[in-house]
Amino acid sequence: MGAAWALTAGSSGRGGAGAAWALTGGSSGGGAGDARGACDALAGFDESKCTADGDEGLVALNHLSAAMPLSAAADRGDSAYQPLADSCAGRRAALRGSSRSTPA
């Protein structure tokens, strides 16, 4: 029996799309264990704090950074987790774009 998952997209923080994944049942093989690890990291992710100064911003960014390689590994183990990997990569790209400053 494989892992069942659901993606819910919604508003998180400053209007960006957030992803919450729920995994139930199944074994930890085929990407499910990595997907669970990514979800655990995202459980503490607050996108609205990513641009905060100091530790608060670093904590938020570290949660997303921890989820990214795990979501990619989950996708490689089972392509059913590609939306999770795409969501993490998309959030990272959006945050990078919003943090770029224009040259003076």
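On a predicted model such as this, the values are computed, not experimentally measured, just so you know. Computed from heavy atoms alone, side chains included, the values below leave out hydrogens, waters and symmetry copies.
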Verdict with reasoning, Lys49 to Val59, per side chain to side chain contact (heavy atoms under 4.5 Å, CB included): CA-CA 8 Å; Lys49 295 182 180 177; Val59 168; over 6 Å; no

Nearest-0.5 Å distance, OG of residue Ser87 to CD of residue Gln82: 12.0 Å

Shortest non-hydrogen separation from Pro83 to Ser79 and the atoms involved: CD-O, 4.4 Å

Cys50 to Phe45 - nearest heavy-atom pair and separation: SG-CE1, 3.5 Å

His63 side chain vs Leu42 backbone, donor-acceptor pair below 3.5 Å: no

Atom pair CG/OG1 of Leu61 and Thr51 - distance to nearest 0.5 Å: 8.5 Å

Side chain to side chain, Glu47 and Leu95, heavy atoms closer than 4.5 Å: yes

Straight-line distance of Asp75 CG to Leu84 CG, nearest 0.5 Å: 8.5 Å

Main-chain N/O of Ala67 paired with Ser71 side-chain donor or acceptor, under 3.5 Å: yes

